[in-house]
Amino acid sequence: MIWRAPPGSLDDRSRAQKEKEELDHAIGLSLAEDLKRRSGYRWQAERDEELARSLQDSSNPALYPPYAPAPAPYYSYGQTQRICGGCKHDIRFGNYLGCMGTYFHPQCFCCHSCGRPIVENEFSLSGRDPYHKSCFKELAHPKCEVCHQFIPTNRAGLIEYRCHPFWSQKYCPSHEHDNTARCCSCERLESWDARYVSLGDGRSLCFECMESAIMDTGDCQPLYHAIRDYYEGMNMRLDQQIPMLLVERQALNEAIVGEKSGLHHMPETRGLCLSEEQTVTSILKRPKFGRHQLVGIKTQPQKLTRKCEVTAILVLYGLPRLLTGAILAHELMHGWLRLKGYRTLNPEVEEGICQVLSYMWLESEVMPGFRNMPSSSTSTSAASSSSSSSSSKKGGKSKVEHKLGEFFMHQIANDSSPAYGGGFRSANAAVNKYGLRCTLDHIRLTGNFPL
C-alpha cells in the first residue's frame with residue numbers, strides 16, 4: 001500500500017517554501033544584476049556627457065586655453081580615434097585642444113610664421129594657417145617707410161596710406177603735411193633713419209640722387225656737349241654756341257621774371273631757355289658736403305648779351321646727371337626751334353615736342369638702341385653711341401642711376417599738365433607714326449602735329 005500525505009501536510013509546505021525561497025533568490029539576483037547594469041549605464045552616460053562638455057568648451061576660442069583634459073585611452077561604440085593635426089599621432093593621455101575641426105597636442109598648435117606654440121587667448125587665421133596675432137600683424141599690416149611704425153587705421157577702422165606710383169614707397173598720410181623732406185629729384189620722402197642733403201635753397205636731395213649730382217657749371221660742360229652731339233647725330237645741328245649755366249633756384253626764378261616771351265613753365269621750374277639779355281648769377285665752384293648740407297658754394301654774376309635768338313640755357317644745380325641731361329635736351333629743343341625760325345607755337349605743341357626730345361635722350365641712355373624711327377634710324381644710333389660714350393668714360397651707369405632714368409621717363413610719360421603731359425603724348429604719337437623729321441616739317445608748315 002502506498003501512503004499519500006494529506007493535502008497541506010508538512011512535506012508539501014516544506015517543498016513549497018523551498019521553491020519560494022529559490023524563486024526569491026533568483027529574482028533577487030536578477031534585480032541586483034539589473035541594478036548594477038543600470039548604474040553602469042548611468043556612469044557611462046555621465047562620463048560621455050562630461051566628455052562632450054569638455055570637447056565643446058575646448059573648441060570655444062573664448063575659453064582657450066586652458067586645455068580640456070584628454071580622455072582615457074578608451075573609445076566607446078561609434079567614437080573615432082583622435083589624431084593630432086600637428087604631429088599626426090594619436091592623442092591618448094594629457095591635455096589636448098579642439099580647434100579648426102581637428103585636435104592638437106598643446107605643443108603642436110604652432111604659429112605658421114615663427115613656429116612657436118600659440119598659447120594666447122586669441123590667434124589669427126589665414127586660410128588654414130594659424131598665427132600669433134603679433135606675427136600676423138608683422139606679415140600683413142603695412143609699416144610706414146618714413147617713421148617705420150605700423151600705419152594707423154582711420155576712423156572707419158581701415159588702414160589708409162599713401163603710395164608713390166613709381167617707387168611704391170608706402171607712408172602715413174600725415175607725412176604729407178608734417179614738413180617731412182622730399183627729394184627734389186626722385187620725389188621720395190625722407191626716412192627717419194636716413195637724412196637727406198639740404199641744398200640750401202629749400203630743396204633736399206637723397207643720397208642715391210646725390211651720387212651722380214652735377215654741382216657747378218664746369219662739371220656740366222661735358223654733359224652739355226654730349227647732348228649737342230646727340231642733336232647733331234639726329235641731323236639737328238645747332239649752328240650758334242649757346243651759353244649754358246648752372247644756377248640756384250632764386251637766380252632761375254629771377255630770370256623767369258625777366259623773360260618777356262611769356263613761355264609756359266612747369267610748377268617747379270628746373271630749366272629755362274633765355275631769349276632776353278640779363279645778368280644771371282651762376283654756380284662757379286662746386287660746394288662741399290658737411291653735416292647733411294652743402295657749404296662753401298661760390299657764385300659769379302654773368303651778363304648775358306643777345307647775339308642770336310637764344311641768350312643762354314639755365315639749369316638748376318644739384319640734380320642727378322640723367323635729370324640734368326633731360327632738362328638740357330628739353331631746353332636745347334626750345335633753342336633749336338627759335339634758331340631755325342619756327343613760328344611762335346602754342347604751349348602744347350612747343351612743350352610737347354621738347355618733351356619728346358628729352359624722353360628720347362633718356363631712352364638712349366637707359367635703353368640704347370630701343371627706338372628706331374623711320375626717318376632717322378642711322379642717325380639715332382649714332383647719337384645714342386655718342387651719348388653713351390660720355391657715360392662710359394665715368395665707368396657706366398650704376399643700377400641706381402639706371403632706375404632713376406626710368407623714373408624720369410615715367411614722369412614725362414605720366415605728366416598730368418595739358419602742355420607738358422598732353423603735349424608730350426600727342427607729339428610722341430606723331431613721332432612714332434611719322435618719324436621726327438616729318439613731324440617737325442609738319443609743325444613748321446601748320447603749327448600743329450600731324451594727325
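Positions are given from 1 along the sequence. If you're wondering where the values come from, they're calculated on a predicted model, not measured in any experiment.
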Exercise for the section: Please confirm whether Phe424 and Tyr359 have ring centers closer than 6.0 angstrom. Expected result: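 Under 6.0 Å, so yes.
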Practice task
Quick one: list whatever passes side-chain contact (heavy atoms from CB on, under 4.5 Å) with Ile159, sequence neighbours left out.
Solution key: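 side-chain contact (heavy atoms from CB on, under 4.5 Å) list for Ile159, sorted by chain: His141, Pro142, Ile151, Thr153, Tyr161.
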May I ask you to decide whether [X] forms a salt bridge with [Y], counting only side-chain N to carboxylate O separations under 4.0 Å?
X	Y	value
Lys403	Glu208	no
Asp229	Arg237	no
Glu122	Lys133	yes

Please report the shortest heavy-atom distance between [X] and [Y], naming the atom on each side.
X	Y	result
Leu404	Cys209	CD2-SG, 3.8 Å
Ile327	Gly271	CG2-CA, 3.7 Å
Ile227	Gly325	CD1-O, 3.2 Å
Cys84	Phe104	SG-CA, 3.8 Å
Glu248	Tyr317	CG-CE2, 3.8 Å

Would you check if there is a donor-acceptor pair between the side chains of [Y] and [X] at a distance under 3.5 Å?
X	Y	result
Glu254	Gln250	yes
Glu365	His402	no
His148	Ser191	yes
Asp415	Ser417	yes

Fill in the blank from the handout: Only residue of Glu145, His175, Gln149 satisfying side-chain contact (heavy atoms from CB on, under 4.5 Å) with Trp192 is His175
Handout entry: Heavy-atom side-chain contact between Pro165 and Asn414 under 4.5 Å
Key = no
Handout entry: Heavy-atom check, side chain of Glu120 versus side chain of His132, under 4.5 Å
Key = yes
Handout entry: Flag, side chain of Ser126 to backbone of Asp129, donor-acceptor distance under 3.5 Å
Key =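 Not at all, since once roles are kept as given, no pair shorter than 3.5 Å links the two residues.
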Exercise for the section: Using modelled atom types only, decide if a donor and an acceptor are shared between the side chain of Gln169 and the backbone of Leu189 within a distance under 3.5 Å. Expected result: yes
Exercise for the section: Specify whether Phe407 and His410 have parallel, tilted or perpendicular ring planes, treating 30° as the upper limit for parallel and 60° as the lower limit for perpendicular. Expected result: parallel
Practice task
To the nearest 0.5 Å, tell me how far His334 NE2 sits from Glu351 CD.
Solution key: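 The distance works out to 3.5 Å.
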Problem - From Arg82 atom CZ to His105 atom NE2, the distance as rounded to the nearest 0.5 Å - result: 12.0 Å
Exercise for the section: Scan residues 156-170 for pairs that pass salt bridge (charged side-chain N to carboxylate O under 4.0 Å, His left out), counting only residues two or more places apart or in two chains. Expected result: Glu160-Arg162, Arg162-Glu176
Exercise for the section: Could you please spell out the steps behind the salt bridge (Lys or Arg N to Asp or Glu O under 4.0 Å) verdict for Arg182 and Glu190? Expected result: CA-CA 6 Å; Arg182 186 186 294 270; Glu190 179 185 46; over 6 Å; no
Handout entry: Cation over ring face, Arg338 and Tyr342, 6.0 Å, 45°
Key = no
Practice task
May I ask you to check whether over 12 heavy atoms, not counting those of Asp178, lie within 6.0 Å of atom CG?
Solution key: yes
Practice task
Output, in order, the C-alpha distance, side-chain angles, deciding distance and verdict of ring-ring contact (aromatic ring centres under 6.0 Å, His included) for Phe109 and Phe123.
Solution key: CA-CA 11 Å; Phe109 189 63; Phe123 63 93; 5.2 Å; yes
Handout entry: Residues Met236, Leu332; criterion side chain to side chain contact (heavy atoms under 4.5 Å, CB included); working and verdict
Key = CA-CA 10 Å; Met236 298 171 61; Leu332 268 177; over 6 Å; no
Exercise for the section: List for me each residue that meets ring-ring contact (aromatic ring centres under 6.0 Å, His included) alongside Tyr171, sequence neighbours excluded, and say none if there are none. Expected result: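 Residues passing ring-ring contact (aromatic ring centres under 6.0 Å, His included) with Tyr171: none at all.
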